[in-house]
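Report on the structure given below.
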Amino acid sequence: MPTRRSTLVSTVAAIALAGSVVSLTACTPSPTDAVSESTAEISAEPTTPATEASVDPAPEDADDTAAALRYLIEEEKLAHDVYLVLGDLWDARVFANITASETTHQELVAPLLSARGIEDPRADEVGVFADPDLQALYDELVERGSTSLDEAIQVGIAIEEKDLADLGAAIAAEDESAVISVLERLFAGSENHLASFERLA
């Protein structure tokens, strides 16, 4: 039969064991607590601002279109100005007719420039060009066409052949349907102009 002393010792031991279990449980984190702490750490990490990810560089195609339109509208002005000068010099109807058409061509291209915020390079003065290559070509063609009416007709042929080559390259490189539509109209017009000059050659 257990004595009063042994019973007391057993009770004290049981109490001490229970206390150790409670302490161990309190010190051990639960799985839920661990997940919460991990989530908090991840949320605290810096993230890349959304605005930075949404900023894209200007597409190269837009720059190509702008450059092509600036060049082509001045090229149409070159044809206009050369035909105006040679028409006055030789009093040939073909130059007067095509000069008016070249004005229409410029009016077709101009809205494409303004709609895209592209500066119109054309000068108001006849025979003045922003593009140095077109300026040199204008000077050369007027000088050549001033020597005779036959040479003036050959100048017209040369201008329209150049227009067709440049328009064809621009159409092939372009992907905007609105731009392509206008350039195709210019191409068809240049084909008619070339035929007109070739009939007189």
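Side chains are part of it too, since the values below use all heavy atoms of this structure and drop only hydrogens, waters and symmetry mates.
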Check: Tyr71 ring centroid to Phe129 ring centroid under 6.0 Å: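 Between Tyr71 and Phe129, the centre distance exceeds or equals 6.0 Å.
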
Which atom pair, heavy atoms only, marks the closest approach of [X] to [Y]?
| X | Y | value |
| --- | --- | --- |
| Phe95 | Tyr83 | CB-O, 3.6 Å |
| Asp81 | Gly127 | OD2-N, 2.9 Å |
| Ser146 | Leu89 | CA-CD2, 3.6 Å |
| Leu112 | Ala178 | CD2-O, 4.3 Å |
| Ala170 | Leu72 | CB-CD1, 3.9 Å |
| Ser190 | Leu164 | CB-CD2, 3.6 Å |

Any side-chain heavy-atom pair of [X] and [Y] under 4.5 Å:
| X | Y | answer |
| --- | --- | --- |
| Leu113 | Glu119 | no |
| Ile180 | Glu184 | yes |
| Ile159 | Val155 | yes |
| Asn192 | Ile98 | no |

Residues Arg116 and Glu176 bridged, charged N to O under 4.0 Å: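 Glu176 and Arg116: salt-bridged.
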
Residues Glu75, Lys162: salt bridge by 4.0 Å N-O rule: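 Answer for the salt bridge query: yes.
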
Residues which pass side chain to side chain donor-acceptor pair (under 3.5 Å) with Asp163, listed by chain and number, not counting sequence neighbours: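 Side chain to side chain donor-acceptor pair (under 3.5 Å) check on Asp163 returns nothing, list empty.
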
Any donor-acceptor N/O pair, Lys77 side chain to Val128 backbone, under 3.5 Å: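 Yes, because the side chain of Lys77 sits within donor-acceptor range (under 3.5 Å) of the backbone of Val128.
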
Any donor-acceptor N/O pair, Trp90 side chain to Gly145 backbone, under 3.5 Å: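 Yes.
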
Plane angle bin for His193 and His105 - parallel if under 30°, tilted between 30 and 60°, otherwise perpendicular: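 His105 and His193: parallel rings.
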
Kindly compute the distance separating [atom1] ([X]) from [atom2] ([Y]), expressed to the nearest 0.5 Å.
| X | Y | atom1 | atom2 | result |
| --- | --- | --- | --- | --- |
| Arg122 | Arg70 | CZ | CZ | 13.5 Å |
| Leu78 | Glu102 | CG | CD | 9.0 Å |
| Glu191 | Leu167 | CD | CG | 10.0 Å |
| Leu186 | Asp166 | CG | CG | 11.5 Å |
| Leu86 | Glu151 | CG | CD | 11.0 Å |
| Asp131 | Tyr138 | CG | OH | 15.5 Å |

Greater than 12 external heavy atoms within 6.0 Å of Arg144's CZ: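 Count over threshold, so yes.
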
CD/Glu143: more than 12 non-hydrogen atoms of other groups inside 6.0 Å: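 At most 12 heavy atoms, drawn from other residues, nucleotides or ligands, come within 6.0 Å of this atom.
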
